[in-house]
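A quick write-up on the structure given underneath.
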Number of protein chains: 2
Amino acid sequence: MKNSLKVERAKQNITQAELAEKVGVSRQTINSIEIGKFVPSTLLALKIAFVFGTTVDEIFALAETDWT
Amino acid sequence: MKNSLKVERAKQNITQAELAEKVGVSRQTINSIEIGKFVPSTLLALKIAFVFGTTVDEIFALAETDWT
DNA sequence: TCTAAAAGACAAATAAACTTTACTTTTATG
DNA sequence: CATAAAAGTAAAGTTTATTTGTCTTTTAGA
């Protein structure tokens, strides 16, 4: 699964720590998601999308390998 | 978090078992998500949206209580 | 260049998703 | 009504997300 968290953060000019605080998780959680270390819950994805004023599908997308 | 899985399944006329098979999880997982027993991963939500030919945001939405 | 903030990384512990198995209840249809 | 498919439920076990703490590395700015 791909994500554009880093780009969205850059657009809004907020840090991992600030995003974490806004959505109510730890900074390491945001960092781990951003670098593809793990997949967030849909609830967290919805909150992140809300904070960025966009949609889950704008931020997260399936990779080809996700279907194997 | 709210979801319209049941409605989407009805539109496409597929069973929980069929949806489960298409996205590669067990039937109980689909059932549990549908009745709000647990929150799917974003990866699973993306696959479900793909199968339904729609977006994650069309199927899953934040509830007021999700921010407390 | 120095320094501080931000980001990356790692490990141990906990919480929650997901599986498997198995049983009950509901719903559609003969 | 009878029956079969679909849906709901539940418990035990496995995997994975998330936390907390700590430490290193990168980046931006004075």
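Only a predicted model underlies this, so the values are computations on that prediction, with no experimental measurement involved. Quick note on labels: first sequence line is chain A, next is B, and so on, each numbered from 1.
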### Query
Between C:dA7 atom P and A:E21 atom CD, what is the distance in whole Å?
15 Å
### Query
For the residue pair A:Q12 and A:F52, what are the closest heavy atoms and their distance?
NE2-O, 3.2 Å
#### Entry: Whichever of B:I35 and B:E18 has its nearest DNA chain D nucleotide further upstream toward 5'
B:E18
### Query
Are A:I35 and A:I14 connected in the hydrophobic side-chain network, where two residues link if heavy atoms are under 4.5 Å apart?
no
### Task
Indicate whether OP1 or OP2 belonging to C:dA6 is found under 4.0 Å from a side-chain N or O atom of A:R9.
no
Is there any protein nitrogen or oxygen under 3.5 Å from a nitrogen or oxygen in nucleotides 27-30 of chain C, and what are the pairs?
none

### Task
Give a yes or no on whether a salt bridge exists between B:E18 and B:R9, defined as a side-chain N under 4.0 angstrom from a carboxylate O.
no
### Summary
Nearest heavy-atom contact between B:S41 and A:V39 is CB-CG1, 3.9 Å
Enumerate all atom pairs, one protein N or O and one N or O from nucleotides 17-19 of chain D, separated by less than 3.5 Å.
| residue | atom | partner | partner atom | Å |
| --- | --- | --- | --- | --- |
| D:dA17 | OP1 | A:V39 | N | 3.3 |
| D:dT18 | OP1 | A:S41 | N | 3.3 |
| D:dT19 | OP2 | A:S26 | N | 3.0 |
| D:dT19 | OP2 | A:S26 | OG | 2.9 |
| D:dT19 | OP2 | A:T29 | OG1 | 2.1 |

### Nearest-angstrom distance from the residue atom CD of A:Q16 to C1' of C:dA6
8 Å
### Query
Is the side chain of B:K47 donor-acceptor paired with the backbone N or O of A:D66 at a distance under 3.5 Å, no angle test?
yes
#### Entry: Value in whole Å for how far the P atom of C:dA17 lies from NZ of B:K47
17 Å
### Query
NZ of B:K6 versus C1' of C:dT26: gap in Å, rounded?
10 Å
### Query
At their closest point, which heavy atom of A:S4 faces which heavy atom of A:E58, and how far apart are they?
OG-O, 3.5 Å
### Query
How many Å lie between CG on B:N31 and C1' on D:dA10, as a whole number?
11 Å
### Summary
Nearest heavy-atom contact between A:L46 and B:F60 is CD2-O, 3.7 Å
### Message
Please report the distance, rounded to the nearest Å, between CG in A:L19 and P in C:dG8.
### Response
13 Å
### Query
Given side chains that start at C-beta, do those of B:I33 and A:T42 come closer than 4.5 Å, heavy atoms only?
no
### Distance-only donor-acceptor check, side chains A:S26 and A:T29, under 3.5 Å
yes
